[in-house]
Q: 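Mind looking over this structure? Questions follow.
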Protein chains: 2
Amino acid sequence: MAVVTIIGAGAMGSALAIPLIDNGCTVKLWGTNLDQDIIKDLIEGKEHPKHKHKLPSEIEFYYADELEKAMFGSTHVILAITSDALGHVFEKVVPYLNNDMIIATVSKGFDTNKLGEIVILPEILKEKLTEQLSNIPIVVVGGPCKANEVIYRSPSNVVYACEDLNAAKNFKELISTDVYNVKVDTDVIGTEVSVAMKNAYAVALGFAEGFKQREGYTHNNTKSALFTVALEEMILLSEALGGKIKSVIGLPGAGDLEVTGEAGRNRLLGEVIGGGMTSFDALAKMKDEDITVEGYSAVNFGYRLSINLIEKGLLTKELPLLSALYKILYNNESCYASIKKVLNEYN
Amino acid sequence: MAVVTIIGAGAMGSALAIPLIDNGCTVKLWGTNLDQDIIKDLIEGKEHPKHKHKLPSEIEFYYADELEKAMFGSTHVILAITSDALGHVFEKVVPYLNNDMIIATVSKGFDTNKLGEIVILPEILKEKLTEQLSNIPIVVVGGPCKANEVIYRSPSNVVYACEDLNAAKNFKELISTDVYNVKVDTDVIGTEVSVAMKNAYAVALGFAEGFKQREGYTHNNTKSALFTVALEEMILLSEALGGKIKSVIGLPGAGDLEVTGEAGRNRLLGEVIGGGMTSFDALAKMKDEDITVEGYSAVNFGYRLSINLIEKGLLTKELPLLSALYKILYNNESCYASIKKVLNEYN
């Protein structure tokens, strides 16, 4: 039977233990240095502090200094680490890997590789692998999936994508249940671009929510128009990088953008700025409250990536909404005027 | 200068007067028999009873028995009539048409033609035209557009589609402003299928909202998964009828489904059923409250259309979510179990 080690005991990492346990797998949940208090609570049978829910007692919990034990006998590894720490944590995991294992990653975003290029996260992982391990399959996970709803066993649909389709199918067999529904695919690029960029575009959907405070009435038309423009730009970005349209209009893109635009920190940042606060003030406020907004860095990475793609001739021109997002967040440009202009020129 | 007659003084018909007046057009707003009280209020300078907003005094208002005056000198006609009454009302308009005019329609749905086939609404209009008028361009309007937000001049983006692209461009020139943004297209079928079917699928998105009452927690993952399945089925339906994917993933499909799934009567019907009421009780309740739900008949038309397309070999199999919607609404099948099954089999 499969032994699955989950790297990272945050909300999503611990939630994914549920379908695995439901399927009778052995699950080893390892916490990073930042997860010490979480692991302590879980070992003591308390609720997980992030989603306020107890986890099944069958799960084995491991502290940061117990990685070797956590990886012992492991057949499958799930990386559930924030995108900025992913490469660093994965380095520690690599010595315990072998070619019979399969790795899945639920981290979302972009990062910069050794050459200084902006790449999707599986590329960061590949850089850390030794030559011997270079064929180990890496499965990326996308789709609308709030961790607490996985714990509640609410019907959820996700995509597991891997160039090696059999590896994705293998993981699916392990983890899919009658409520945690897995669709397999080979489009790693389209999936990763979608999951990273939907955080960026969710900030724009938040703008439209914020306009309500400023103008005194709803801006549902604006929000839906921005949703459409976002989809179109995600398709262009994905295709320029070699990804497929189906992932963008499927669960990782349209599906995840729908849920991310309804609630969450990315939308909240947009809402505050759309309501009239300057982006610099909004970001300072969120920093004070220790809130990290993934969409903020995704806008930066995505915008710079789009400029690179233009230079390489892979994209014909700037993506208007992404450029507006960048200029609003990083250059403090007027939000309402910029968004109004993007929509006026969308034809 | 253009003289635009708007047929139907409901929420959308009267809202579209705003961008036209902003552009200096002459606007003649004609009310049907059901709009008598609205026209009376508007003539007296009162608020429009539907969106509680005064309309510009430049608009000319006409009662049901003043159609000839309303159509006098008209160069453009906008039909803003509920889908079930569209053909009947259009019959009265036809005698006042000539080949130099352009017609636009904002009605959404399907209807049955003289041969008993389910068709998109422009086909119903074409049936009513005399042979002499058979080349008069009919422009269909799609996209996320709540009437009151057009009145508030909130940035809104819509598609005007016509087989004769110049006719769509002509209308665009007349009506587009810096906030009412018009994109032209030739894909009439894709646009019409999208605007009709998004009402049907919004009922499904409502189910997920209703599950919250039943299960005690949010079902955002479910809602977003259903959003994705809806898009995919709308693409299949549109393509089987000869429409294009771009309209479904653009403003008329994805864009309008996003706003329709956030609020409105279609979502409300779904929410009540998802919360545990049988569909028959939910429909009786809405009938008592005199609430018409466009999505209810759209599910019926869409489902029957899909069966016809299968018989013709244009669709390979039933669309699982549409079939589930039909069986939940018309056969009182269990909502939660049906939706769970659809999502479990989506792979």
Side-chain angles (χ1 to χ4, degrees), chain A residues 143-146 148-150 152 154-158 172 176-179 181-184 205 208 211 215-229 231-232 235 245-246 248-251 253-263 336 339-347, chain B residues 143-146 148-150 152 154-158 172 176-179 181-184 205 208 211 215-229 231-232 235 245-246 248-251 253-263 336 339-347:
Chain A
C145 192
K146 293 175 78 174
N148 60 334
E149 296 188 3
V150 174
Y152 295 138
S154 170
S156 305
N157 289 60
V158 291
K172 172 184 172 152
S176 71
T177 67
D178 65 332
V179 285
N181 304 299
V182 176
K183 198 172 157 80
V184 294
L205 301 187
F211 294 159
E215 307 287 328
Y217 49 84
T218 59
H219 278 72
N220 291 322
N221 294 356
T222 302
K223 188 179 178 190
S224 296
L226 290 172
F227 184 93
T228 313
V229 179
L231 267 194
E232 193 170 306
I235 289 170
I245 183 175
K246 69 172 173 183
V248 183
I249 65 176
L251 294 163
D256 205 355
L257 184 60
E258 203 276 335
V259 68
T260 313
E262 287 217 354
Y336 190 76
I339 292 301
K340 186 179 163 190
K341 186 165 178 285
V342 167
L343 292 183
N344 189 232
E345 290 171 357
Y346 178 64
N347 53 39
Chain B
C145 194
K146 293 175 75 172
N148 60 334
E149 295 188 3
V150 175
Y152 293 139
S154 170
S156 304
N157 288 62
V158 291
K172 172 184 172 153
S176 71
T177 66
D178 64 333
V179 286
N181 304 299
V182 176
K183 198 173 157 82
V184 294
L205 301 189
F211 294 159
E215 307 287 329
Y217 49 85
T218 58
H219 279 72
N220 291 321
N221 293 357
T222 303
K223 188 179 179 191
S224 296
L226 290 171
F227 185 92
T228 313
V229 179
L231 267 194
E232 194 170 304
I235 289 171
I245 183 176
K246 69 172 174 183
V248 183
I249 64 176
L251 294 163
D256 206 354
L257 184 59
E258 202 276 334
V259 69
T260 313
E262 287 216 356
Y336 190 76
I339 292 302
K340 186 180 163 190
K341 186 164 178 284
V342 167
L343 293 183
N344 189 232
E345 290 171 359
Y346 178 65
N347 53 40

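Here is the naming used below: chain letters follow the sequence lines, and residue numbers restart at 1 for every chain.
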Q: Are any side-chain N or O atoms of A/Tyr217 and backbone N or O atoms of B/Glu149, one a donor and one an acceptor, separated by less than 3.5 Å?
A: no

Q: Answer yes or no: is there a donor N or O on one side and an acceptor on the other, between the side chain of A/Asn221 and the main chain of B/Lys146, under 3.5 Å?
A: yes

Q: Looking at B/Asp178, B/Leu231, B/Asn148, which makes the most heavy-atom pairs under 4.5 Å with chain A?
A: B/Asp178

Q: Looking at A/Val229, A/Thr218, A/Val150, which one has more heavy-atom pairs under 4.5 Å with chain B than the rest?
A: A/Thr218

Q: Can B/Asn344 and A/Asn181 be counted as having a side-chain donor-acceptor contact under 3.5 angstrom?
A: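 Yes, A/Asn181 and B/Asn344 have a side-chain donor paired with an acceptor closer than 3.5 Å.
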
Q: Keeping the roles fixed (side chain from A/Asn157, backbone from B/Leu343), state whether a donor-acceptor pair exists under 3.5 Å.
A: yes

Q: With a 4.5 angstrom heavy-atom cut-off, which part of A/Glu262 approaches chain B: side chain, backbone, both or neither?
A: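 Side chain of A/Glu262 only, per the 4.5 Å heavy-atom cut-off to chain B.
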
Q: Non-hydrogen atoms of chain B under 4.5 Å away: do they reach the side chain of A/Leu257, the backbone, both or neither?
A: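 Neither part, no heavy atoms under 4.5 Å.
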
Q: Does any heavy atom of chain B fall under 4.5 Å from the side chain of A/Val182, the backbone, both, or neither of them?
A: backbone

Q: Name the region of B/Phe211, side chain, backbone, both or neither, that has any atom closer than 4.5 Å to a heavy atom of chain A.
A: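 No part of it gets close to chain A.
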
Q: Using modelled atom types and a 3.5 Å cut-off, is there a donor and acceptor pairing between side-chain atoms of B/Ser224 and backbone atoms of A/Glu258?
A: no

Q: Any heavy-atom pair between the side chains of A/Tyr346 and B/Lys183 that's under 4.5 Å?
A: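 Yes; the side chains approach each other to less than 4.5 Å.
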
Q: Quick check: do B/Pro155 and A/His219 have side-chain heavy atoms less than 4.5 Å from each other?
A: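 Contact flag for B/Pro155/A/His219 side chains = yes.
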
Q: Given heavy-atom pairs under 4.5 angstrom as the criterion, report whether the side chain, backbone, both or neither of A/Ile235 touches chain B.
A: side chain

Q: By a 4.5 Å heavy-atom criterion (distance strictly below it), what part of A/Thr177 contacts chain B: side chain, backbone, both, or neither?
A: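 Only the backbone of A/Thr177 comes within 4.5 Å of chain B.
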
Q: Heavy-atom pairs under 4.5 Å with chain B are the metric here; pick the option from A/Thr260, A/Val248, A/Thr222, A/Ile245 that has the most.
A: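 Option with the top pair count is A/Thr222.
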
Q: Counting heavy-atom pairs closer than 4.5 Å to chain A, which one of B/Asn347, B/Asn220, B/Leu226, B/Val259 comes out on top?
A: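 Top option by heavy-atom pairs under 4.5 Å: B/Asn220.
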
Q: Could you tell me which of A/Leu251, A/Val158, A/Val179, A/Ile249 has the largest number of non-hydrogen atom pairs under 4.5 Å with chain B?
A: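 The residue among A/Leu251, A/Val158, A/Val179, A/Ile249 with the greatest pair count is A/Leu251.
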
Q: Parallel, tilted or perpendicular for A/Phe227 and B/Phe227, by the 30°/60° rule?
A: perpendicular

Q: Quick one: which of B/Cys145, B/Ala208, B/Ala254 has the most heavy-atom pairs under 4.5 Å with chain A, could you say?
A: B/Cys145

Q: Can you confirm whether more than 12 heavy atoms, excluding those of A/Lys172, are under 6.0 Å from its NZ atom?
A: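 Yes.
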
